[in-house]
Amino acid sequence: MSVTRAALRLAAASLAVTLSLATPLSAESEQPPKPGGTLEVGTVYVTLSALSWDSADWNWKHNHDTGQVYEQLFVADLSKSRRLGGKHPFYADGWIPSDAIRGELAEKWEWKQNPLRLEINLRKGVMFPDKPGVMAARELVADDVVFAYNRLEKSPKKISGYFDHLEKVEATDKHTVVFTFKNYNSEWDFRFGWGFYSGIVPKEVADAGAGNWKNVNGTGPFQLAEFVQGNSNTYVKNPVYWGTEKINGVETKLPLVDEVVFRTIKDEATYLTALRTAKLDILETIRWSAVEELKKNAPQLQWSKWLNMSGTFLSMRVDTKPFDDIRVRRALNLAVNKREIVKEYYGGNAELFAYPQHPDYLGYFEPLEAMPESVKELFTYNPEKAKKLLAEAGVPKGFTFKVQVCSCSPDHIDLIPLLAAYFEQVGVKIEIQTMEYGAFLSAMTSKTNAAGYLMNNGHTNPTTTIRKSFIRGQVWNPSQWSDPEYDKKMDAVYLEQDESKRQAMLKEMTREILDKAPYVWLPTPYIFTAWWPWVKNYGGELRAGAARPGPIYARIWIDQDLKKKMGH
Amino acid sequence: MQVYLARRLIALIPALFFASLIVFVIVRLVPGSIIDMMLSQNDVGADKLSRDQLIQTLGLDRPMWEQYCRWIGGILLHGDFGRSLWQNTPVSELLRARLPVTFQLGLMALIVALLIAIPIGIYSAIRQDTAGDYLTRSFSILMLAVPSFWMGTMVMVFPSIWWGWSPQVKFVAFTDDPVQNLRQMILPAVILGTALSAVTMRLTRTMMLEVLRQDYIRTAWAKGLTEKLVVVRHALRNAMIPVVTLIGLQAPILIGGAVIMEQIFVIPGMGLLLLDAISQRDYPIITSVSLVIGLSVMLINLAVDLGYGLLDPKARYR
Amino acid sequence: MALVTDIAVIPAGKERSSVIHFLVRLFREKPLGAAGGVIFILFLLCGMFADFLAPYGMNQISPRNRLLPPSWAYPFGTDNLGRDMLSRCLYGAQLSVIIAFTAATLATVVSVAIGILSGYLGGKIDLVTQRFVDAWMSFPALIILLVVVSVLGPGLPQIIFTLGFLLGIGSSRIIRSAVVSVRENMYVHAAQSIGASTHRILWRHILPNIMPPIIVLFTTQVGAVILVESSLSFLGLGVPPPTPTWGGMLSGSGRTFMFQGPWLALAPGLCLTVVVYATNVFGDALRDLLDPRMRGSR
């Protein structure tokens, strides 16, 4: 065919591809939302059942399962999502951009000095629904916030030092809570506000037994109706929920759907099948290898893709030889053909550079092009230079080291022989030790992990991503990185009240650690989310708080006519 | 009979005791303690204080023998199997939810296995070495030779692509909605059953062949009784004896081992409970579930032996 | 798993010519079983000579050649890392041979040891041993395997060891009943009455006469071990990749890439199914021929 026709075809194809990845806006913005129906969701954690219903267990997954029942002081402002014309995709698992935070239970808040304190005025008329056997319906008051905080603070499972920045928390009147600070901490709202451990659990539930799912009762848009461990959580509409939202220009009472069901399915083939046959309305975590087939067999699915909120890397213990020499660590980075991994191993569905800072962290992330040469070099493939560096460091003939990998990650199991092949080219041999999940995790926590440790680590947020991995003694620090100067810089970040100054400090710290290469930095894969077209007012957003999708589901409505028309 | 029963029941006790002890100790020897795992949940440094506090809260600071006695004592005196270390739910609640599911799946699989195996076994014995014998036996062995996880995957995935249909994977208890429940359970039961049928079929065939050679069968032939009568009245009853024994042998698989089917078809049974508990090192669940499984299997075996005794008078006075 | 509760025995007869006679009978009377036996031998040979037969290395990664369909260069195609599937299946045969044969041998040794101990000595020893077997068998194999794999880490030796023991204890009952029936034979009594040592009796009289069930058991256990390893791989407890076991390939990349590359699952899957099927029909044929009760109306 002629060049013009070929070009036109190519343009049409790329347009089709782009459209299939973009979310449809025009049709949706016409219709007013209609309440009713059940939303079946395979969340990001589709393979994991609820681990705990009690906030005092300090379990990271608590928000995910209770975030639509127990509310928090702050929440993400979903009106700022990209889908509605804003900047933010709301994929991050432990971060809300500071310009996208709004009050949930808090109506307004004010900082006061001498002593440093935060005065929060709570929303009025927020009701706890009636829960037979546990509590009668009543209004949420400041004492509830104080109680929830104190319960977390006094829990034997508390993360030590988590609330050390706070002096006390008290209710000055029925709807005002005052947090008195010992010193400023830039993570204050993450630690108690919209973070992992910020749910407001009332006293009555705690007395009845907060760990029993049957007692769970909160002010949120949904109530927990049923929990079949290992299979599903069913949430029903809270009839006395206070929240409303402007959807398509109409002020709508939330939530819209009658029921939300979280499905727990361990097996990948099974949850993909459930999506394919519309038994799941939304599936939030789809590996790139499954996308092509799903697009073929369920072409009406809507898609979004997001960069994994977790960095992949091979950690090298800097307290053992020869990894105490930076040249060796840099050499190993140069020995791996990362671009080839992106192109051939991930089929192009990965990014070369997305860790420690995540590209979604606007204001904190600097792309590779903006990095200094010595950092950029680490992402090039240069086995000759690698060999030279190794010779300089005193190991010209290479060496052997043990690498531990978890059998729980099929991706890593496949990746490790690939890495072994690259290393072999520069004379470095690895001994692969496959470990089962518990033993693998324990090796890291007890700091007995091997010299090489292939793992994933969640970004969480721009500050935590550095702190959890590169500060001395931290749990998620398998390389045993220990630099007192660096630690001091981290402390300074926490004390800094000005966000733009913090951003600059973190950028500098990120550059430094990238350059020092305690890890072999590896590409980050894309993950896909898909949903059926009858799921409305949704664009693939994942979290509206720390591991908290509840508010997103509260704003979804199901076009039941469309669903019937499509034959489901 | 009563003496035999009593003797067998008493013999159970030391077996169970040793079993519980072994499981209890071994599980705690496994590397990767639960404390490490819990501490890794929090990404702030796990200092000695939080570690000790956690150990104490979970009751893991007491000496091993004391923990064991508390656990066994709880079971024997209060029927209390302890609490999950992660979720703080009573283990007895978990058992109460999961055990009936596993029993149901096992029973359904067993019925399927027998429905397939016995007719094939009998047919193969009567028509030994004919094409029919080969075909039916081959089918049965083929079902055994294809790994169950692959069967399960194919049954799950391909109908969804060809016909847009997939099995229901939202669990509803049998007592709440039997139809819905069976719709979820029938496929894994069939897959499990067909895989088990090969063994049963083989055994039925063997016993039928042996019985058919017996003199009294020849006599019946000689007397001119029809084949059907000969088979049904004489051969079948005796051939059933080892089949009953086989049920006992399959018991551990059915009770604890259908984990692959549970995983693929999302059935909240004992297998997955055990698997998850082991990977999370939730000791009370692991030890209690193992004990319950062990006890169930031993009781089933006892029932089988009693049934065996009922069917074959020769076996009664061993 | 292949489990048989009872196989009768015949007295050990003349050795040499009966082997050839036996093979003739096998091919003539049990063609299916004979075919199974042939496949069984072929698989053994492929496993033993995998190093010579395989066109590529076991772990020869070549990302540019990933997911190629079967062709002359790659008869079984390539996997997601560009490794040749034919070579990996051949090495898989080698591994399966190693695992299955070693585990089945261990299982046989264990069952024979327990069976003889329990069956011949009888009395209190029998009682205690059988209770021990009861207790052991009432545990799901899963927990034992999981614990072993957790303690020792996923790996080849521990899987062989555990499977061997588990299957061995499970099959000990069969050997035991065989021993019990042989024990009552006239010539054993004769040997005992002339004061032959227990050791001699076990070695010269009991053991040769329980060979038929041992042989049959062995062949079926080979198939059982291969299947169990594949199940373990599915649960993440099998021999860890990149070592190419058929079960590992089938449950891992076979399932992930079943649409982009069905050959990733078909190649190891067919190998696995065919070999397990073959060993089973072979074992059945052996049993039919060796067990006098099974002889048809001829």
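All values below come from the heavy atoms of this structure, side chains included, with hydrogens, waters and symmetry mates left out.
Two residues are said to be in side-chain contact when any heavy atoms from C-beta on lie closer than 4.5 Å; A/Leu51 and B/Gln280 meet this criterion. With contacts defined as side-chain heavy-atom distances shorter than 4.5 Å, the pair A/Glu293/B/Ile161 qualifies. Between B/Val169 and A/Thr270 the shortest side-chain heavy-atom distance falls below 4.5 Å. A 4.5 Å side-chain heavy-atom check between A/Lys279 and B/Lys170 finds every atom pair outside the cut-off. Looking at A/Lys266 and B/Asp276, their side chains come closer than 4.5 Å, going by heavy atoms from C-beta outward. Two residues are said to be in side-chain contact when any heavy atoms from C-beta on lie closer than 4.5 Å; B/Thr153 and A/Glu268 fail this criterion.
Neither the backbone nor the side chain of B/Ile35 comes within contact range of chain A; no heavy atom of the residue lies under 4.5 Å from a heavy atom of that chain. If you measure heavy-atom distances from B/Pro167 to chain A, the contacts under 4.5 Å come from the backbone alone. B/Ile264 touches chain A through backbone and side chain together, each having a heavy atom under 4.5 Å away. No part of A/Thr47 comes within reach of chain B, as not one of its non-hydrogen atoms sits under 4.5 angstrom from that chain.
With a 6.0 Å radius and a threshold of 12 heavy atoms from other residues, nucleotides or ligands, A/Glu292 has its CD atom at or below the threshold. A 6.0 Å sphere centred on OH of A/Tyr437 holds no more than 12 heavy atoms belonging to other residues, nucleotides or ligands.
Side-chain atoms of A/Asp267 never come within 3.5 Å of backbone atoms of B/Phe265 as a donor-acceptor pair (strictly under, hydrogens ignored). At distances below 3.5 Å, not a single donor-acceptor pair connects side-chain atoms of A/Arg276 with backbone N or O atoms of B/Trp165.
When B/Leu272, B/Leu273, B/Val266 are compared by the number of non-hydrogen pairs under 4.5 Å with chain A, B/Val266 comes out ahead.
Here the CG-OG distance, from A/Leu272 to B/Ser160, works out to 9.0 Å after rounding to the nearest 0.5 Å. With values rounded to the nearest 0.5 angstrom, B/Phe171 atom CZ is found 13.5 Å from A/Thr264 atom OG1.
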**Report entry** CA sep, side-chain torsions, deciding dist, call: A/Glu436, B/Arg281, salt bridge (Lys or Arg N to Asp or Glu O under 4.0 Å)
**Finding:** CA-CA 12 Å; A/Glu436 174 265 339; B/Arg281 309 288 193 273; 2.8 Å; yes
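Nearest heavy-atom pair across B/Trp86 and A/Asp57 is O-OD2, 3.9 Å.
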